[in-house]
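Contents: one structure, followed by commentary.
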Amino acid sequence: LAVSGLPVTDDTIFEVGSVSKTFTAALGGVAMHKGLMKPGDPAGAFLPWLGDGALARTPVMNLATYTAGGLPLQFPDSITDDASMHAWFAGWKPTSAPGDSRQYSNPSIGLYGATVAAAMDGDFAELMQREIILPLELRSTFTRVPDERMDDYAWGLNRNGRQVRVNPGALDTQAYGIKTTASDLALFLEAQMDAGSLDGGLAQTHRPQFRIGPMLQAYGWEIYEDPADLDALLAGNSTDMAMKPQDARPLEAEPTLSHALYNKTGSTAGFGAYAAFLPDRQAGIAILANRNYPNADRIRAAHAILRAMGAID
């Protein structure tokens with residue numbers, strides 16, 4: 001590790017940032033598979049504190065795909081507790097109709113996680129442990145690193161060279177709160193490639209809902225139909241894609257994805273992560289670092305490794 005000089009081992013725990021969104025999607029997939037919620041259910045059916053505002057009527061699928069109508073990338077600084085968060089969501093005004101555009105958003109996927117927990121009648125972190133982490137035998141994956149594993153928890157290195165770890169925030173566990181090892185993340189990707197994992201719950205998250213520029217937006221995962229197209233991968237993981245609204249084209253029928261790549265990047269102030277898998281090739285890659293390297297560097301490195309593995313033609 002760059003901060004301490006210690007070598008990375010199978011026990012080294014990293015922050016994975018927004019790769020956490022795929023774990024939130026997985027929990028949602030389990031809820032849907034159990035019949036506790038449906039993609040078209042309005043968020044207000046699970047969260048009465050949304051009142052009668054726009055988000056109360058928004059389908060949960062749009063929250064999971066960042067197409068609720070313009071929820072921002074981050075919460076305003078004024079959100080300091082649950083009460084202020086609830087009031088902000090209840091009073092939020094969309095800038096477009098649900099499904100018209102995609103604006104990448106922590107509040108959006110965070111609210112989706114809150115609806116999933118309400119549908120499953122439990123605490124989100126406890127449900128994640130019970131329904132995802134334990135069944136998949138992810139023994140070094142946490143929403144909160146326990147005291148006995150803190151020595152394995154890497155320190156991140158921010159752009160000023162200071163040691164950092166992620167700060168708590170509104171709905172942080174749902175949006176960017178997972179900490180895990182490279183080995184556990186690889187196991188999570190293996191489970192994604194097994195259609196029967198969690199009784200089929202993970203397969204729910206792989207269904208694309210919108211075409212967004214060079215990629216298809218599913219639940220948490222972003223899908224590329226031509227994995228060999230490095231330019232498309234770079235464009236789909238670009239700053240513009242994360243920071244600016246993008247036109248969303250609803251899919252009238254689910255496309256045939258015979259040789260597709262599913263991916264997700266994630267970052268915190270001191271960590272950078274990338275996860276990708278190709279189900280038909282039974283190949284995947286998990287890249288974790290205690291420095292927030294540019295997405296483009298991660299994509300190029302992963303693409304080169306997958307090509308060398310023969311997973312990409």
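By convention here, the first residue in the shown sequence is residue 1.
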Name the atoms and distances for all side-chain donor-acceptor pairs under 3.5 Å in residues 306-313, with sequence neighbours left out.
from	atom 1	to	atom 2	distance (Å)
Arg307	NH1	Asp313	O	2.7
Asp313	OD1	Arg281	NH1	3.3
Asp313	OD1	Arg281	NH2	3.4
Asp313	OD2	Arg281	NH2	3.1

- Ring centers of Tyr262, Tyr224 separated by less than 6.0 Å: no
- Do the two ring centres, one from Phe89 and one from Phe75, sit under 6.0 Å apart? yes
- Message: Under a 3.5 Å cutoff, is there a donor and acceptor pairing between the side chains of Thr141 and Asp184?
- Response: yes
- Nearest heavy-atom contact between Pro227 and His303 is O-NE2, 3.2 Å
- Under the side chain to side chain contact (heavy atoms under 4.5 Å, CB included) rule, what do Glu222 and Asn237 come out as? Steps first, then yes or no, please. CA-CA 9 Å; Glu222 296 151 11; Asn237 289 284; 3.8 Å; yes
- Query: Are Thr268 and Glu15 close enough that a side-chain donor and a side-chain acceptor fall under 3.5 Å?
  - Reply: yes
- Heavy-atom closest pair, residues Leu55 and Ala68: CD2-CB, 4.3 Å
- Query: Would you call Lys34-Glu131 a salt bridge at under 4.0 Å N-O?
  - Reply: yes
- Message: Working note: Phe23 + Phe188, criterion ring-ring contact (aromatic ring centres under 6.0 Å, His included); need CA distance, chi angles, decisive distance, verdict.
- Response: CA-CA 9 Å; Phe23 285 78; Phe188 184 65; 3.9 Å; yes
Side-chain donor/acceptor pairs under 3.5 Å, residues 249-260, sequence neighbours excluded:
from	atom 1	to	atom 2	distance (Å)
His259	ND1	Asp280	OD1	3.3
His259	ND1	Asp280	OD2	3.2

- Would Leu198 end up clustered with Leu189 when hydrophobic side chains under 4.5 Å apart are linked, directly or stepwise? yes
